[in-house]
There are 2 protein chains.
Amino acid sequence: MLINELSKKTGISIHTIRFYEKSGLIEGKQDPSVKSNNYFHYDEVTMEKLEFISDAKSVGFTIKEIGQIIDAWYNRKYTKKEKLEILDDKLISLEQKMKEIKEMKKQILQFKDDVVNDRC
Amino acid sequence: MLINELSKKTGISIHTIRFYEKSGLIEGKQDPSVKSNNYFHYDEVTMEKLEFISDAKSVGFTIKEIGQIIDAWYNRKYTKKEKLEILDDKLISLEQKMKEIKEMKKQILQFKDDVVNDRC
DNA sequence: TACAACAGTAGAGTATAGTCTATAGTTGAT
DNA sequence: ATCAACTATAGACTATACTCTACTGTTGTA
């Protein structure tokens, strides 16, 4: 599919898709048999990746981190061991985020308690 | 205490503290009896706030959101009802973040599984 | 064949959250 | 009195992650 369709299917703007492509997160392919244009074609894997990127962004991963995870999954540039190291590293950082969120919940519940009991 | 001491005690740079002050998150007080300088003085509550800001930033709250929470706790500009609304809103967004992190964990565990079983 | 809708590249602009520099005045120990 | 270390203000600069504009070329339907 071309970028317009990809954009419509994922809900991610064409500009942002191009930004992700320049950032190395996704990659379209040009058809060498077509010489009249330089249109890029995208497949289902790219759609998968874009959905992953959206999810990963909302948990606070940076583009760089997302790139690492994508490479650990879709790429051949790492050994098995390296891939597992990257993914384990991200799991640890998710555990850390989870812990921080739980702490923040406690803190805000405490704030609520203070408000209810007129301690502020 | 003056800004240097505040910075040392909280581990937040003087520049960043000033940035937070300009952003309305914290507020130093000038001593009206001292006319020779315009130094700002900070108290324990400011330290508390700065610690809260650090925690809130790491769970992904923006400066604006952090400002709302701080105002809901330390400020008199909202009614009790408004304060509780703001805090409940933040609790909901924390629940949402937790859900997203759990999903992301599942996804990355799946990636690991794929790597281990040579499916990628 | 005209032309709207699409494709690409390059680069400028925006928002957020700092981070740093320049300048000028103040304080406190020697 | 000197001077290092501090303080304040204003504004420039940086990184991240977009978002938009300008420009040019292509495709497909009327």
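A, B, ... follow the sequence lines: proteins, then strands. Residue 1 opens every chain.
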If you take all heavy atoms of B:Lys80 and A:Val115, which pair is closest and at what distance?
-> CE-O, 3.4 Å
Where the side chain of A:Thr10 meets the backbone of A:Leu6, is there a donor-acceptor pair that is under 3.5 Å apart?
-> yes
Atom NE2 of B:His41 to atom C1' of D:dC6: distance rounded to whole Å?
-> 13 Å
Working for side-chain contact (heavy atoms from CB on, under 4.5 Å), residues A:Tyr74 and A:Val45 = CA-CA 9 Å; A:Tyr74 297 92; A:Val45 173; 3.5 Å; yes
For the residue pair A:Val34 and A:Tyr39, establish whether any side-chain heavy-atom pair is separated by less than 4.5 Å.
-> no
Separation of B:Phe40 atom CZ from D:dT7 atom P, in whole Å?
-> 13 Å
Could you state the atom-to-atom distance from CD1 of B:Ile3 to C1' of C:dT27 in whole Å?
-> 16 Å
Indicate yes or no: at least one non-hydrogen side-chain atom of A:His41 is less than 4.5 angstrom from one of A:Leu2.
-> yes
Fellow cluster residues of B:Tyr78, listed by chain then number, with links counted only when side-chain atoms sit under 4.5 Å apart = B:Ile86
Sorted by chain and residue number, the ring pair (Phe, Tyr, Trp, His ring centres under 6.0 Å) partners of B:Phe52 (sequence neighbours excluded) come out as A:Phe111
Contact check, residues 21-31 of chain A vs DNA chain C, heavy-atom distance under 4.0 Å, returns none
So the salt bridge (charged side-chain N to carboxylate O under 4.0 Å, His left out) pairs with at least one residue in residues 42-59 of chain A (sequence neighbours excluded) are A:Lys29-A:Asp43
Would you check if A:Leu91 and B:Leu109 make a side-chain contact, meaning some heavy-atom pair closer than 4.5 Å?
-> yes
Please tabulate, one pair per line, all N/O donor-acceptor pairs under 3.5 Å involving side-chain atoms of residues 13-20 of chain A, not counting sequence neighbours.
from	atom 1	to	atom 2	distance (Å)
A:Ser13	OG	A:Thr16	N	3.0
A:Ser13	OG	A:Thr16	OG1	2.9

May I ask you to verify if any side-chain N or O of B:Tyr20 is less than 4.0 angstrom from the OP1 or OP2 atom of C:dA17?
-> no
Table of protein N/O atoms under 3.5 Å from nucleotides 27-30 of chain D N/O atoms:
from	atom 1	to	atom 2	distance (Å)
D:dT27	OP1	A:Ser36	OG	2.5
D:dT27	OP1	A:Asn37	ND2	2.9
D:dT27	OP2	A:Ser36	OG	3.3

Rounded to the Å, how far apart are B:Leu2 CG and D:dA8 C1'?
-> 12 Å
With sequence neighbours excluded, residues passing salt bridge (charged side-chain N to carboxylate O under 4.0 Å, His left out) with A:Asp114 = A:Arg119
Which whole-number value in Å describes the distance from B:Asn4 CG to D:dA4 P?
-> 17 Å
Here the residues of residues 8-18 of chain A within 4.0 Å heavy-atom distance, strictly under, of DNA chain D are A:His15, A:Thr16
Could you tell me the separation between the CG atom of A:Asn38 and the C1' atom of C:dA10, rounded to a whole number of Å?
-> 14 Å
Between P of C:dG18 and NZ of B:Lys64, the distance in whole Å = 16 Å
If you look at every heavy atom in A:Lys83 and A:Ala72, which pair is closest and at what distance?
-> CD-O, 3.1 Å
Please name the pair of heavy atoms, one in B:Ile108 and one in A:Lys90, separated by the smallest distance, quoted to 0.1 Å.
-> CD1-CB, 3.8 Å
Applied to residues 98-112 of chain A, the salt bridge (charged side-chain N to carboxylate O under 4.0 Å, His left out) test, sequence neighbours excluded, yields A:Glu103-A:Lys106, A:Lys105-B:Glu95, A:Lys112-B:Asp88
Do B:Tyr42 and B:Lys9 come close enough that some side-chain heavy atom pair is under 4.5 Å?
-> no
For residues 52-63 of chain B, which residues have at least one heavy atom under 4.0 Å from DNA chain D?
-> none
Axis deviation across the helix from C:dT1-D:dA30 to C:dT30-D:dA1, five-pair ends, to the nearest 10° | 10°
For A:Arg76, enumerate each residue passing the side-chain contact (heavy atoms from CB on, under 4.5 Å) test, keeping only those at least two apart in sequence or located in another chain.
-> none
